Amino acid sequence: MMKPSMLRSLHSAVSRGSSHLSRRGYATEPVPGRKVAILGAAGGIGQPLSLLMKLNPLVSSLSLYDIGGTPGVAADVSHINTRSEVVGYQGEEQLGKALEGADVVIIPAGVPRKPGMTRDDLFNINAGIVKSLAAAIAKYSPNALVNMISNPVNSTVPIAAEVFKKAGTYDEKRLFGVTTLDVVRAKTFYAGKSKVPVADVNVPVVGGHAGITILPLFSQATPQANLDDDVIQALTKRTQDGGTEVVEAKAGKGSATLSMAYAGAFFADACLKGLNGVPDVIECSFVQSNVTELPFFASKVRLGKNGVEEVFGLGNLSDFEKQGLENLKAELKSSIEKGIKFANQ
């Protein structure tokens, strides 16, 4: 049994985490009610993500959907003494109810990577799932901010965009590919090498969300640590291969579910703050973009009441980063086109 002192420590750690997660405070109370729907809530990412969103004080209604297993997850999470009301929905006939009135829809649905699988191997299964979920979002919650976690994000975001266009509901400001885990990893790995407190670190990560399309801009990291070129190259490679590192460490029994759930909760929190009018909420995300010649690209975006309020350019790049940018474009272009083609089949 957990001692009261341990419970207090855990509670204060969570509070510290959420205050760090939410350093941008509120000018006014009360906080408006917000409904968050998680599609794929019973899965490996969905369950810890449901827990983390239940802990978020900005959420008043938490809607958990999956094809199976959701009543149990919802019952479990609903016992936690935080603000949000939790309802579980199971099976396609309940998807509309799960989505109705949602302010933010988070999509971790799909199958995870297994050893030896590339993100492309996941494509046909997850692309089909995303296509049908996007059609339901267009019908039941067309104004929601959509946070896409399902891989391959480089393709699933364009798929959702095409589905929304066909339905006449597409708003490029409201569709996000969640690349936050790349940022989380870049910050962690950089802090470890720089010997600086990780809470103080910021590293923009641009491009896409798979392999070489992930481009951490360590030249723009704060605080600056003046690391050697070979260290920067190794950090870049480790950030790009972070997902594979976890898949291999789990030895066939899963992929990056816990860190992804944290990253997904962090980004959803930023979206909710933006909706609530908190100023200067800036995070990296894979969105429709004019930053490069590619139609979708991850860079820093300012979040607000309409979703994306501003997409920021790349800033000054090192020679290594310039080369990385050129190297990623062909693969990212191909993944985007693959998604568009699938959506229009």
Side-chain angles (χ1 to χ4, degrees), residues 24 32-40 49 53 56 58-63 65 95-96 98-109 127 129-151 153-180 208-209 263-291 294-312 336 339-340 343:
R24 319 168 192 97
R34 295 290 179 193
K35 176 174 174 176
V36 172
I38 300 177
L39 309 185
L49 179 59
M53 294 315 294
N56 190 314
L58 305 184
V59 181
S60 57
S61 170
L62 186 60
S63 174
Y65 170 81
L95 178 54
L99 286 168
E100 275 170 5
D103 295 289
V104 176
V105 178
I106 314 173
I107 312 180
I129 293 168
V130 165
K131 193 174 177 179
S132 64
L133 293 175
I137 292 166
K139 186 174 179 182
Y140 296 105
S141 53
N143 297 317
L145 302 189
V146 178
N147 292 187
M148 184 69 71
I149 291 173
S150 305
N151 272 318
V153 165
N154 293 350
S155 301
T156 54
V157 168
I159 288 169
E162 291 299 305
V163 172
F164 296 157
K165 282 174 190 172
K166 276 191 187 144
T169 65
Y170 182 54
D171 179 351
E172 72 271 17
K173 293 180 175 181
R174 294 177 180 272
L175 176 60
F176 303 87
V178 180
T179 59
T180 313
H209 183 58
F266 188 98
F267 187 74
D269 179 72
C271 286
L272 289 166
K273 288 197 177 79
L275 285 174
N276 290 351
V278 177
D280 300 320
V281 182
I282 296 168
E283 296 296 337
C284 292
S285 183
F286 185 68
V287 295
Q288 185 175 310
S289 172
N290 297 318
V291 167
L294 300 172
F296 294 91
F297 199 81
S299 65
K300 289 197 288 191
V301 301
R302 187 161 54 82
L303 299 164
K305 292 186 175 183
N306 301 302
V308 177
E309 299 290 352
E310 184 178 1
V311 179
F312 293 97
I336 292 168
I340 292 169

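The structure displayed is predicted, hence computed values, not measured ones.
Expressed to the nearest 0.5 Å, how far CE of M148 lies from CG of L133 amounts to 8.0 Å. The structure places OG1 of T156 at 14.0 Å from NZ of K131, a figure rounded to the nearest 0.5 Å. The NZ atom of K273 sits 9.0 Å away from the CD atom of E283 when rounded to the nearest 0.5 Å. A distance of 6.0 Å separates CG in L275 from CG in D103, rounded to the nearest 0.5 Å. Distance check, rounded to the nearest 0.5 Å: CG of L95 to CG of L39 gives 6.0 Å. Atom CG of N147 and atom OG of S285 lie 7.5 Å apart (nearest 0.5 Å).
Across all non-hydrogen atoms, the minimal contact from V281 to A270 is CG1-O, 3.5 Å. Closest approach of P158 and I340 over heavy atoms only: CB-CG1, 3.9 Å. Minimum heavy-atom separation, L175 to V157: CD2-O, 3.5 Å. Of all the heavy atoms in P108 and G40, the pair that sits closest is CG-O, 3.9 Å. Taking every heavy atom of both residues into account, S299 and V311 meet most closely at OG-CG1, 3.6 Å. In terms of heavy-atom proximity, L49 sits nearest to A265 at CD1-N, 3.6 Å.
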Stepwise side-chain contact (heavy atoms from CB on, under 4.5 Å) test for L58 and D269:
CA-CA 8 Å; L58 305 184; D269 179 72; 3.8 Å; yes
For H209 and N151: C-alpha separation, side-chain torsions, deciding distance, then whether side-chain contact (heavy atoms from CB on, under 4.5 Å) applies.
CA-CA 9 Å; H209 183 58; N151 272 318; 3.4 Å; yes
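A98 meets the side-chain contact (heavy atoms from CB on, under 4.5 Å) test with S63, Y65, Y89; sequence neighbours excluded. In this view, E162 and K165, N344 satisfy the side-chain hydrogen bond (donor to acceptor under 3.5 Å, both in side chains) rule, not counting sequence neighbours. With sequence neighbours excluded, the residues that form a side-chain contact (heavy atoms from CB on, under 4.5 Å) with Y140 are L99, E100, A136. Partners of F176 according to the ring-ring contact (aromatic ring centres under 6.0 Å, His included) rule, which considers only residues two or more places apart in sequence or in another chain, are F267. In this structure, the side-chain contact (heavy atoms from CB on, under 4.5 Å) partners of A144, at least two apart in sequence or on a different chain, are V105, S141.
Side-chain contact between I106 and M53 is present, with heavy atoms from C-beta onward closer than 4.5 Å. Side-chain contact check for N276 versus P32: some heavy-atom pair is nearer than 4.5 Å. In this structure, I137 and F164 have side chains that are in contact, with non-hydrogen atoms separated by less than 4.5 Å.
Listed by first and then second residue, the side-chain hydrogen bond (donor to acceptor under 3.5 Å, both in side chains) pairs that reach into residues 167-179 are Y170-Q288, D171-R174, sequence neighbours excluded. Note on residues 296-307: pairs passing salt bridge (charged side-chain N to carboxylate O under 4.0 Å, His left out), not counting sequence neighbours, are R302-E310.
Looking only at distances, no side-chain donor or acceptor of N154 sits under 3.5 Å from a matching main-chain atom of I336.
Within 6.0 Å of atom NZ in K166, more than 12 heavy atoms from other residues, nucleotides or ligands are found, so the atom counts as buried in its surroundings.
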